[in-house]
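In what follows, a structure is listed as structure tokens, so that the remarks can point back to it.
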2 protein chains.
Amino acid sequence: MARLKTRVTSFDVAKLAGVSQPAVSRAFTPGASITKEKRDRILAAAKELNYVPNVFASNLSSNRSNMVAVISGNLNNPFYSETLQVFVESIQRTNRQVLAFSVQDGRDSDDVMMQAMRYPIDGLVVTSAQMSSELVKLSEGLGIPVVMFNRRVEGSELSGVQCDNFEGSAILGRLMNAAGARRILIVRGDPQGSTSIDRVQGFRSAFDGIAGIEIEEVDGESSYSGARNAMIRRFGGPGPRFPDAIFAVNDIMAIGCADALNENFGLKIPDDIMLAGFDGIREGQRAPYSLTTVRQPVERMVSETLELLQAAPENLKGAEAQKRVIPGDLIPGHTIPGMGRWAR
Amino acid sequence: MARLKTRVTSFDVAKLAGVSQPAVSRAFTPGASITKEKRDRILAAAKELNYVPNVFASNLSSNRSNMVAVISGNLNNPFYSETLQVFVESIQRTNRQVLAFSVQDGRDSDDVMMQAMRYPIDGLVVTSAQMSSELVKLSEGLGIPVVMFNRRVEGSELSGVQCDNFEGSAILGRLMNAAGARRILIVRGDPQGSTSIDRVQGFRSAFDGIAGIEIEEVDGESSYSGARNAMIRRFGGPGPRFPDAIFAVNDIMAIGCADALNENFGLKIPDDIMLAGFDGIREGQRAPYSLTTVRQPVERMVSETLELLQAAPENLKGAEAQKRVIPGDLIPGHTIPGMGRWAR
DNA sequence: GAAAGATGTGAATGCGTATTCAAGCCAACG
DNA sequence: CGTTGGCTTGAATACGCATTCACATCTTTC
């Protein structure tokens, strides 16, 4: 609650430069009608006084804002921290600012979003969190465009951008099937999260109608350690029967599985057991893993999200809600055998 | 430049609730003097109208702000993305907001900081970027407290929090020396960056006055791929002579080295070559690496940074500048042999 | 029961800027 | 030379809320 020092105002600069206050405002507004000579004089005076326009006052007066709020969840997942990074860079590139919020998994994101909406923001991006219908109503009332990132939205009243989780996972499923997977373990993420649900369903769809398939599911808690512990718990007992294949609904869990299988059970991937993830995070691509996965095209997803934010709020909700589903890119990797033909 | 919809104001709520505008303000101010009954009536009216106080107007009027700007560089390094995450969570916990900026390595951070200072922010945290003396002057003029994170500051006119890079690296050097390292390769980061410089010097200090030591340095560009490529470039020729030990000044580069040595040259760590990094990022601790490193205590560094931000700006500069140097924690790992006695 | 205090309230004002508007200026034009 | 039109300019005002201050209401005290 720091009390701000009395700032140098545009009046002070105006006085020093011998002009009026609006002139100062114009000097700082690109394209405003003002003589170059006068502008230079004003800018010199401003520099001398260490003056910079107060954004709050400016926003209040002009009734516009250049801030986009980004609410991220689960920043422990490198995919989301990469996403945040791309958002920051993209938004900054368009001369806007990022108001960053973080929501602990499953915590009251409503509070955080409420905080965000007290700012006259240009838009709100929500990654991996739910939004109560009450908040949707509020955002409507405030005229704030909202776009859900990588979240299928219940009731479909909100706009969103997401990767084609179903089809991407289906592709992985088909590859595993072709590679001979029969006994399969799926490592789920958040059981409520649409991402995990869609990926599980997509993956399972690849095995529909195929005889002799056993599919089991365990909870990996969307995290490295969650998945790792799930492996240890599941296979730690006496004489475990290992599956042929493991599909983790995200890469960070796949990596957790790989480490546990290697270190705790001495299994080789893909010789003893095949593995796939989803997301395409950097660490999964590195030599020790070379994970077979589907990459979410983050750059494109982010740019489409920002594009949607330009739309009027009323065009982002209800019947007008825009759903953009972007196909993922298969990364062959080396954790499913027989993928030589995919290599470039 | 979205024009904001005309918002519901406190006057609207006041009218609906049959009270005055100040009453509405008080209803939203914790601890303000107002009857519970009246507050409830006002809150009900606010909810009905979808009213939330406009933070900009509120800040402008009360002359205080609850935003802290965080300028991050090099978010590709997991250490910095973890740091950003900790900042966001810590700041949010104290009911303040984070204005996030990103600076590409070596790019004009001045522009970005100037942007940040147009907000009446409570404080500015700068990670891995320089600050021109002009900007320092500006921040002084604006009365904005500035704290450098993990950056030794030239001329020492600014406050900062950093890990004890010199001593931490010296410890690693001594361990390698004890383990028999004689021919050593140091993988540098940004040659201008204080972090890299201090770590190199600290590490070298462990070998002062010891005969028969050869130390070579290569540039790893502070990144995974930079370090990896440096390895390939350095050892890719015919009949390379490998060193006994490699010290990468950060973990992400150490991981890059490990992958290259393993995959491209078939070397085993630590049997063929020992390795150490710095930072203590999560991925370095995982099974395939078990990197010996020094962990920067991020939580503590962040909390001390935020503590410093509370101080009056004039107490953070010049002679009053506060330097907090926090010791790192050795993580034994398995990439230097003979560290059994360190294991708990 | 009156005086002193504690508390709740609204009218008015200030925060620092952008915007409107009418007036001023100059050049080019007929 | 008078006029039209474009470009600059400053006075006044709006933006939405917090705060101050004086007043009204209620409670406590002897």
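Letters A, B, ... are given to chains in the order of the sequence lines, protein chains preceding strands, and every chain is numbered from 1.
- Going from atom CD1 of A:I42 over to atom P of D:dT8 covers 13 Å, rounded to whole Å.
- Atom NZ in B:K15 sits roughly 15 Å away from atom P in C:dG10 (whole-Å rounding).
- You won't find any donor-acceptor pair under 3.5 Å spanning the side chain of A:S58 and the base of C:dT17, going by distance alone.
- For B:L60, taking side-chain heavy atoms from C-beta onward, the closest of the listed nucleotides D:dA18, C:dC15, D:dG10 is C:dC15.
- Residue contacts for B:I34: at a heavy-atom cut-off of 4.0 Å it reaches the sugar-phosphate backbone alone, with no base atom in range.
- Counting atom types as modelled, B:R39 pairs no side-chain N or O with a base atom of C:dG8 as donor and acceptor under 3.5 Å.
- For the pair A:Q92/A:V98, no side-chain contact is recorded, criterion being any heavy-atom separation below 4.5 Å from C-beta on.
- Ring planes of B:F149 and B:F79: parallel class, angle under 30° (limits at 30 and 60°).
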Stepwise side-chain hydrogen bond (donor to acceptor under 3.5 Å, both in side chains) check, A:N95 with B:Q115:
CA-CA 9 Å; A:N95 287 316; B:Q115 284 295 320; 5.2 Å; no

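- Summary of the strand contacts: B:A57 and B:R26 both lie near DNA chain D, and taking for each the nucleotide with the nearest heavy atom, the more 5' one is attributed to B:A57.
- Closest approach to the A:K38 side chain among C:dA18, D:dT9, D:dG16 is made by D:dT9 (side chain taken as heavy atoms from C-beta onward).
- B:T35 comes within contact range of the sugar-phosphate backbone alone, with a heavy-atom separation under 4.0 Å but no base atom that close.
- In this structure, the CZ atom of B:R41 is 12 Å from the C1' atom of C:dT9, given to the nearest Å.
- Following rounding to the nearest Å, A:N59 (CG) and C:dA18 (P) show an atom-to-atom distance of 9 Å.
- Closest heavy-atom contact between A:V146 and A:V126: CG1-CG2, 4.5 Å.
- Across all their heavy atoms, A:C163 and A:P297 have their closest contact at SG-CD, 4.3 Å.
- Note on B:P53: only backbone sugar-phosphate atoms sit closer than 4.0 angstrom, heavy atoms only; bases stay farther off.
- Using a 4.0 Å heavy-atom distance criterion, B:F28 is classed as making no nucleic acid contact.
- Applying the 3.5 Å distance criterion, the base of D:dA18 shares a donor-acceptor pair with the side chain of B:Q21.
- Note on A:F56: nothing from the nucleic acid sits closer than 4.0 angstrom, heavy atoms only.
- Rounded to an integer number of Å, the gap from A:Y119 OH to D:dC17 P is 14 Å.
- In this structure, A:K36 places its NZ atom 19 Å from P of D:dC7, rounding to the nearest Å.
- Between B:Y51 and the phosphate of D:dC17, there is a side-chain N or O to OP1/OP2 separation shorter than 4.0 Å.
- Across all strands, A:S33 comes closer than 4.0 Å to base atoms (heavy-atom distances).
- In this structure, A:R41 does not pair ionically with A:E37, as no charged nitrogen and carboxylate oxygen lie closer than 4.0 Å.
- Remark: P of D:dA14 and CZ of B:F11 are 12 Å apart, rounded to the nearest angstrom.
- Residue A:S10 has a polar side-chain atom (N or O) positioned under 4.0 Å from OP1 or OP2 of C:dT17.
- Taking only distance into account, the side chain of B:S61 meets the base of C:dG14 through a donor-acceptor pair shorter than 3.5 Å.
- With C:dA11, C:dT19, C:dT17 as the candidates, the nucleotide lying closest to the side chain of B:P22 is C:dA11.
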